[in-house]
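What follows is one structure encoded as structure tokens, with my remarks underneath.
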Amino acid sequence: MIWKEDIETMPLEDLKNLQSERLANIVRYVYENCPVYKDKFDRTGVSPGDVRSIDDITRLPFTTKLDMRDHYPFGLFSRPRTDLVEIHVSSGTTGNPTLVGYTRDDIGLWSDVMARALCCAGAEPEDTIQIAYGYGLFTGGLGFHYGALEMGLTIIPTSSGQTKRQLKIMQDFTPRILACTPSYALYMVEEAKEMGLDPRRSSWEIGIFGAEPWSESMRAEIEAEWNMLATDVYGLSEIIGPGVSQECHLKQGLHVFSDVFYPEIIDPETGQPVAEGQDGELVITTLTKQGIPLIRYRTRDIVSMTTEPCACGRTSPRTSKIKGRTDDMIVVRGINVFPSQIEHVLLGIEGTHPHYQIVIDRQAHQLDSVQIMVEVDERIFSDEIKKMRALERQIQHEIQAVLSVSVEVKLVEPKTLERSMGKAKRVVDKRSL
Amino acid sequence: MDVAFWNREIETMDRRRLTELQVTRLRDTLDQALHTPFYRRRLEKAQIQSGQDLRGLEDLRTLPFTTKDDLRQSFPFGLLAVDFSEVVRLHSSSGTTGVPTVIYLTQDDLDRWTDLLARSIVATGCTSKDVFQNMMTYGLFTGGLGLHYGGERVGMTVIPIGGGNTQRQIRVMKDFKTTVVHITPSYLLHIHSRLAEFDTRPEDLSLRRAFLGAEPHSENTRRKLEDLYGIDAYNSYGLSEMNGPGVAFECVYKQDMHIWEDAYVVEIIDPATGEVLDDGQKGELVLTILTRRAMPLLRYRTRDLAFLHAEPCPCGRTHRRLSRILGRTDDMLIINGVNVFPSQIEEVVMAVPEVGTNYQIQVDKVGALDRLTVKVEIYPKMFTGEAALLDRLKARIAEKLRASITINPRVELHEPGVLPAFEGKAKRVVDNRQEM
Amino acid sequence: MNITQLSVFLENRKGRLAEVCSLLGRHQINIRALTIAETESFGVLRIVVDKPDEAAALLKEHRITANVTNVVAVEVPDKPGGLAGVLKVLADHDVNVEYMYGFVEKSSDNALMVFRFDAVEAAIKVLSDSGIKIVGAEHIRGL
């Protein structure tokens, strides 16, 4: 089933016309309603009248995470704050978080693209879905919730965690669809076996997994362990949350809902478009969003893209899975983490700036573990064990409060942390995804 | 005082028409209940073949009560009254221990519930201009998602932050100039005790209102919170079996909670005999939900103790008002043969100005006797090193408690931060007595 | 009257203590007293040496985290109840002992103990007033 068949299977030429019309509208809209954009366009020397076709998009300036941070919290809004019905915040690179705001129409848009994504993965209206993404400020839980409600699925909003309960609920209500992070799906395998369940006989037939990068080998493992179809969903909170793109059952790339989220792939160094099929940074323009529309937003995710039509009938372009990042962001248990956030916290402790290293690991079928190694120098060293332990705990609590991820802190001697070319190596990622 | 309505017609409907509406809806509810194996058996025994067999509201009293145990025994589908494909949401208490329960809603049920919440929110004076930070847990717990929908329907800006992470809560309150929060009273107290740590004073916040929910609290706790933050705090009542929050909510007059009688038939009974009591008499609250097709519940025993006010409210709403929850039929402590409700103790300690934001009740067995200890945190400025002062304070609290609960407790004074803190529902009672 | 103790931050790993001790040994620095306080992941080595300034410089040079703490070395009668007597004097005068440990060597017939107090000066006064012998840095060097 295709949720918005007329749009999703639209001939490419018609799609292009629709995109062109919408781009012209949104450019005029942000120019008139958002001073930050007006200023950006004026400085680039481009006026709304110059944008007539979707191909004109390359004349427009990019929007970056830095813009969001500099104009935090309300600067990129195109509508008054009172028109927003929902706000989410996600982690920013340092002090300021990234803000996401939705008008009532934006929630409608989100519900629509998520319903499309669920259908794309194979959901049918009579299905039951278990949503094990976290609910709350994280967009995963509520995004799926809105889409499932739009489709008329039966929703079990289990949110994340409490694995035994997740499995018990799966047995009791036999949902056919599971939505969570891929690493959590693997983690639940062990727990299921411990409870005496045979994962291959679970009620889940379709998994919609996202919020963190994952590989084909992880997919093969999930599909074999749970005997289910494992599909990939992509999104980022700045754009909408989950619902930017989704794989269909053929698993040949993620269909971008390009009538509302227009994708480009660029060379991150030059900003120029790359040839079809080449790796580059994904750039997205929101063509219909009202509250905080973003023009040419640089996602910093590296993907490749194809415009060849898919056998499923959808005509939208498809991207590969995420192949990397242009920055140092890492994803831990579905949460975005920037090393600079940790640096910021350490700087705040007694005004010192110790060397540190983040070690991320994942044992087979376990959740990610994060260890922060902090080098102890004279400035933070105390002769008293209780003061050292208090320091350890303080660092741990403050980092956890900022990242929303639990971490372990280990105090180490100076010089023990790996450095390359004299520069400290900040992140050691031991996971094999 | 400005009084606003979400649905003026229903909220101010005259009592006679309200009763008629209840009867009509109750008949539909009985028809719906007859679709479930559980109620078909029961209703047929009571000679009810269809909703039309009910002559008036009084007939409801002839039906047996529904209990939490009934919910457990009919898990998972025994009380489901529609085809499962019509269900759009389920909330389950599925646990790893104990028998779980579940609540089902259709899309229409969800819309009707959301409407009650929108009504409740507007009754407190909130408008679409408010910024609403929802600090209740999201997910299977109904507290978070319930008010979330209500807030969006009213058009407020909802921040679905959930519970916990106090540092982030404070940061978000400041960044987005949050004007209203939905929170447990214990967590709101806890946040206050930590504001200074983040260089924040209550007046740095834009907070104007708090919806207090998910745990019973005393009038003195409310006043304390209102004074600490300079806000209006509104009591709310709900339970997941009745959808969740939004069963009853205070209006701007804050003189107890309007219980939405077009959606619920309300009874107060004597928990021991089951006899229905008059307005003003304290007993167990029993509710029949009239707006849920997926899963009707008739005469559900909430185990919450309260009473009803029938006199009209100055706001013009005709729906009766429910008192604060005075206790639970199952959290009553029996101490040396005397019935004591934790709520009575809270009422006393929170009225003592020297007492801070946290307290704990402990019961031990000493020989054959029970011993009640009330531990309270007091403001640091009280610890002047003058022992006599503290002794006098202790004696004063003990005396006030004795006057209220008739037994003599031990009182312990602690510095702030010593007793366990809660970021959600508080667990204030520690009963160390062995089961007999 | 107080003496210098070096506190050294050490990770809990095999051979680490030996490495630090042999580093000192190679530079002719003699350890007079030593104790280790540890947690699961790290420990603090506390030592009294004959040449504290040299030792501190040496550790710094090798980027080993260490700091200097003032402690008091006290002669304790080497007989049953000897230590208890000293502790009673301290307790009677409300002097708080953070930690303490023994010397490797004895001084005459008495055992030597290292005390760390939160209020060093006050502690020294109490001990002196009670006739308990405090050992100075000179004496340590000569041991």
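B/F176 is listed as a side-chain neighbour of A/P73, based on a closest heavy-atom distance under 4.5 Å. Under the 4.5 Å side-chain criterion, counting only non-hydrogen atoms from C-beta, A/I169 is in contact with B/L140. You'll find the side chain of A/V85 stays beyond 4.5 Å of the side chain of B/V158, heavy atoms only. Under the 4.5 Å side-chain criterion, counting only non-hydrogen atoms from C-beta, A/L149 is in contact with B/L110.
Few gaps surround CZ on A/R104; more than 12 heavy atoms of other groups in view lie less than 6.0 Å from it. Crowding of B/K174 atom NZ: a count of heavy atoms from other residues, nucleotides or ligands under 6.0 Å exceeding 12. Within a 6.0 Å radius of NZ in A/K193, other residues, nucleotides and ligands contribute more than 12 heavy atoms.
Residue contact with chain A, scored on non-hydrogen atoms closer than 4.5 Å, involves the backbone and the side chain of B/D175 alike. In this structure, no portion of A/I129 lies under 4.5 Å from any heavy atom of chain B. Neither the backbone nor the side chain of A/Y133 comes within contact range of chain B; no heavy atom of the residue lies under 4.5 Å from a heavy atom of that chain. Interface residue A/L84: backbone and side-chain heavy atoms are both found under 4.5 Å from chain B. Residue A/I131 does not touch chain B at all, counting heavy-atom pairs closer than 4.5 Å. Neither the backbone nor the side chain of A/F138 comes within contact range of chain B; no heavy atom of the residue lies under 4.5 Å from a heavy atom of that chain. Only the side chain of A/L99 comes within less than 4.5 Å of a heavy atom of chain B; its backbone N, CA, C and O stay farther away. Contact annotation for A/Y102: neither backbone nor side-chain heavy atoms come within less than 4.5 Å of a heavy atom of chain B. With a 4.5 Å cut-off on non-hydrogen atoms, A/T128 touches chain B through its side chain but not through its backbone.
The choice from B/Q167, B/M156, B/E152 that makes the most heavy-atom pairs within less than 4.5 Å of chain A is B/E152.
In this structure, CZ on B/R89 lies 11.5 Å from CD1 on A/I156, to the nearest 0.5 angstrom.
A/I87 approaches B/P160 most closely through the heavy-atom pair O-CD, 2.9 Å.
Taking the six-membered ring for Trp and thresholds of 30 and 60 degrees, B/Y149 and A/H145 have ring planes inclined between 30 and 60 degrees apart.
Side chain of A/R81 to main chain of B/K129: a donor-acceptor pair is present (N/O by atom type, distance under 3.5 Å, no hydrogens or angles).
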- Message: Quick one, B/H148 with A/E86, criterion side chain to side chain donor-acceptor pair (under 3.5 Å). Give me CA distance, side-chain angles, the key distance, then yes/no.
- Response: CA-CA 9 Å; B/H148 182 88; A/E86 194 165 324; 3.2 Å; yes
